[in-house]
Amino acid sequence: MSSLLLKGARVVDPAVKLDVVADVLVEDGMISCVCEGGCVDAPADAEVLDLSGKVLLPGLVDMHVHLREPGFEYREDIESGTRAAAHGGFTAVAAMANTNPVIDEGAAVEFVISKAEDLGYVKVYPMGAITVGLKGKQLAEMNDMVKAGAIAFSDDGAGIQDPLLMRRAMEYAVVFDALIVAHCEDEKLVDGGVVHEGLVATRLGVAGAPSLSESLAVARDIELARLTGARLHIAHVSTKESVELIRAAKAAGDVRVSAEVTPHHLVLNENALDKTYDTNFKMNPPLRSEEDQAALIEGLLDGTLDAIATDHAPHAPHEKELEFELANMGTTGLETALPLVVESLVASGKMDWSLLVERMAHGPRKVLDLDLVTLEAGSVADLTIVDPEAEAVVTKDWLLGKGKNSAFLGRTLKGLASDVLVDGKLVMRDGKIVEGE
């Protein structure tokens, strides 16, 4: 029997009303005890980790990640992406379907699962495409993908423009009680916009995308979910109007809707853009106004937004080091998400550690209908350990994923994951990835 004793951490889990300094004993991949007064029954040969001053949490989950494999391995692959996830403190990720070929059939889902089992540092839950080839014309075979292990369905990267097709997708999903993850964007209203429509866009002389391009699509999909009874999740919410629509839908209680927000939309706004035209700040949805940013934080704190998800979008240098209008959209996020949340929300007093767990561990699992990981005996030992005082400068060398297109390059972040356990196995220890044998 393999045993690991995690000593002296602050152990936080709102699901079991826990926030104490305690020892946690892990045996054969499971938590065997959480001992507030210290574990006196640990096996004599147990490996011991002194976690004094650190915070031990249920394993974090990122429910919106682009691992790029198959087809775009030059940007990221399952091995490099899951290494980055572990480095960022995550124990599991949900992988989007916009690969090449698109994950729109059972065999493609099986490929991702198999590759992740062989090479992944963390657990990978693949999403399937809603439409064949992500072309928004013909429904993909959801039944085939559900049987293969798809966790949800999304045409992320290109919102479904045809409302009738989205209705049919939701009606089909209801048969399996499958989750529809909606990229809400009316492309005609975007009209080529690459930043938020407002004063900054005008000052920079680039085309802007109005908030309405998102909120109108959010309103449509909420109404379609109400009509069909489908489970709907709104990806990467960025506008105050979207937050208000989701809040009202939840209050009405007659529609099953959840939503997520990215760290970069929580800590940045359109004012991050300047005349350097740094393409690492070019993303979809774009960085919005300060008013939108405040609404997103409020929505996260009051539960309107269920989860923090990174929308980790790695790109190669030749896809980002271009004129602003031509560069690909997206920023990486797996390795910076946790410290950004710790710095901007926990350290500032806006959020406590329990709420961080709700939004980065329990929330994503509930939305994806995964088993909760709790800090109690009998639970799987998927654990994230945070050093609130640890700091790092975000450099291309510090980022372990292939994509170096971070909006936070050069920034010093505080509050890093120090250790990560997946099924009781250390995949990161003292900030260093534990390479497999």
Side-chain angles (χ1 to χ4, degrees), residues 59-73 75-100 102-103 108-109 111-113 115-117 119-129 134 149-157 179 181-183 233-237 259-265 283-285 306-315 328-338 340-341 359-361 363-365 367-368 370 382 384 399-408 417 420 422 427-428:
L60 306 186
V61 177
D62 188 347
M63 63 174 296
H64 191 144
V65 172
H66 298 274
L67 292 180
R68 303 302 194 195
E69 187 174 3
F72 299 109
E73 289 87 351
R75 297 175 178 172
E76 192 81 281
D77 57 40
I78 290 170
E79 182 177 15
S80 67
T82 56
R83 185 188 296 113
H87 190 220
F90 292 97
T91 60
V93 299
M96 287 294 174
N98 57 339
T99 54
N100 185 24
V102 170
I103 301 170
V109 173
F111 167 82
V112 173
I113 291 173
K115 195 72 177 285
E117 288 175 348
L119 298 175
Y121 290 83
V122 305
K123 295 173 180 177
V124 176
Y125 300 104
M127 291 194 190
L134 297 176
I151 195 70
F153 296 93
S154 181
D155 271 19
D156 186 64
L179 180 69
V181 178
H183 173 118
H233 179 77
I234 309 295
H236 44 52
V237 174
E260 70 189 38
V261 62
T262 73
H264 49 270
H265 285 106
M283 55 205 56
N284 189 22
D306 302 76
I308 296 171
T310 68
D311 193 8
H312 176 75
H315 292 290
N328 284 8
M329 291 184 173
T331 179
T332 60
L334 280 167
E335 297 171 85
T336 54
L338 176 60
L340 287 170
V341 173
R359 300 294 182 261
M360 298 188 75
R365 286 192 173 91
V367 171
L368 294 173
L370 300 173
D382 289 351
T384 299
L399 295 169
L400 301 186
K402 289 184 180 180
K404 310 300 182 181
N405 54 299
S406 170
F408 302 97
V420 175
V422 177
V427 296
M428 185 167 73

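Note: hydrogens, waters and symmetry copies are ignored here, and every other heavy atom, side chains too, is used.
- Considering all non-hydrogen atoms of both residues, G403 and T332 come closest at O-CG2, 3.5 Å.
- Take E76 and apply the side chain to side chain donor-acceptor pair (under 3.5 Å) test, not counting sequence neighbours, and it matches S80, H312.
- Residues satisfying the ring pair (Phe, Tyr, Trp, His ring centres under 6.0 Å) criterion with H315, sequence neighbours excluded, are absent altogether.
- A donor-acceptor pair under 3.5 Å is absent between the side-chain atoms of T99 and the main chain of R68, judged by distance alone.
- The side chain to side chain donor-acceptor pair (under 3.5 Å) test applied to H87 returns E335, not counting sequence neighbours.
- To the nearest 0.5 Å, atoms CG (D382) and CZ (F90) are separated by 13.5 Å.
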*Chi angles and distances behind the side chain to side chain contact (heavy atoms under 4.5 Å, CB included) call for F72, N100*: CA-CA 7 Å; F72 299 109; N100 185 24; 3.6 Å; yes

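- Looking at K115 and D77, no side-chain N of the basic residue comes within less than 4.0 Å of a carboxylate O on the acidic one, giving no salt bridge.
- One finds the CZ atom of R365 at 8.0 Å from the CG atom of L60 (value rounded to the nearest 0.5 Å).
- Residues V122 and A92 share a closest heavy-atom pair of CB-N, 4.0 Å.
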*Start with the C-alpha gap between Y125 and L370, add the side-chain angles, then the distance that decides, and say whether side chain to side chain contact (heavy atoms under 4.5 Å, CB included) holds.*
CA-CA 10 Å; Y125 300 104; L370 300 173; 3.8 Å; yes

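- Here the CG-CZ distance, from L179 to F153, works out to 9.5 Å after rounding to the nearest 0.5 Å.
- No side-chain heavy atom of L134 sits under 4.5 Å from any side-chain heavy atom of D156.
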*Stepwise side chain to side chain contact (heavy atoms under 4.5 Å, CB included) check, H183 with D155*: CA-CA 7 Å; H183 173 118; D155 271 19; over 6 Å; no

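- Atom CG in L368 sits 5.5 Å away from atom CD1 in I151 (nearest 0.5 Å).
- To the nearest 0.5 angstrom, L400 atom CG is 7.0 Å from R83 atom CZ.
- Under the 3.5 Å distance criterion, the side-chain polar atoms of E69 are left unmatched by any main-chain donor or acceptor of L67.
- When every heavy atom of M428 is checked against every heavy atom of A417, the shortest pair comes out as CE-O, 3.3 Å.
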*asked:* Run V367 and M63 through side chain to side chain contact (heavy atoms under 4.5 Å, CB included) and show every step you take.
replied: CA-CA 9 Å; V367 171; M63 63 174 296; 3.6 Å; yes

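- Put simply, the side chain of K123 never gets that close to the backbone of G120: no donor and acceptor are under 3.5 Å apart.
- Counting all heavy atoms, side chain and backbone alike, L334 lies closest to G81 at CD1-O, 3.5 Å.
- When all heavy atoms of N405 and A313 are compared, the pair lying nearest together is ND2-O, 3.0 Å.
- Using a 4.5 Å cut-off on side-chain heavy atoms (C-beta onward), M96 and V181 make contact.
- Atom CG of L119 sits about 8.0 Å away from atom OG1 of T82, to the nearest 0.5 Å.
- Looking only at atom types and distance, the side chain of E260 has no donor-acceptor partner in the side chain of H236 under 3.5 Å away.
- Listed by chain and number, the residues in a ring pair (Phe, Tyr, Trp, His ring centres under 6.0 Å) with H66 are H64 (sequence neighbours excluded).
- In terms of the side chain to side chain donor-acceptor pair (under 3.5 Å) criterion, residue partners of T262 (sequence neighbours excluded) are, by chain and number, H264, H265.
- Panel note: side chain K402, backbone P314; no donor-acceptor pair is recorded below 3.5 Å.
- Proximity of T336 to P263: side-chain heavy atoms (C-beta onward) are nowhere separated by under 4.5 Å.
- Contact record, V237 with V261: O-CG2, 3.8 Å, taken as the closest heavy-atom pair.
- Using modelled atom types and a 3.5 Å distance limit, the side chains of T310 and D62 yield a donor-acceptor pair.
- A search for side chain to side chain donor-acceptor pair (under 3.5 Å) contacts involving R359 returns nothing, not counting sequence neighbours.
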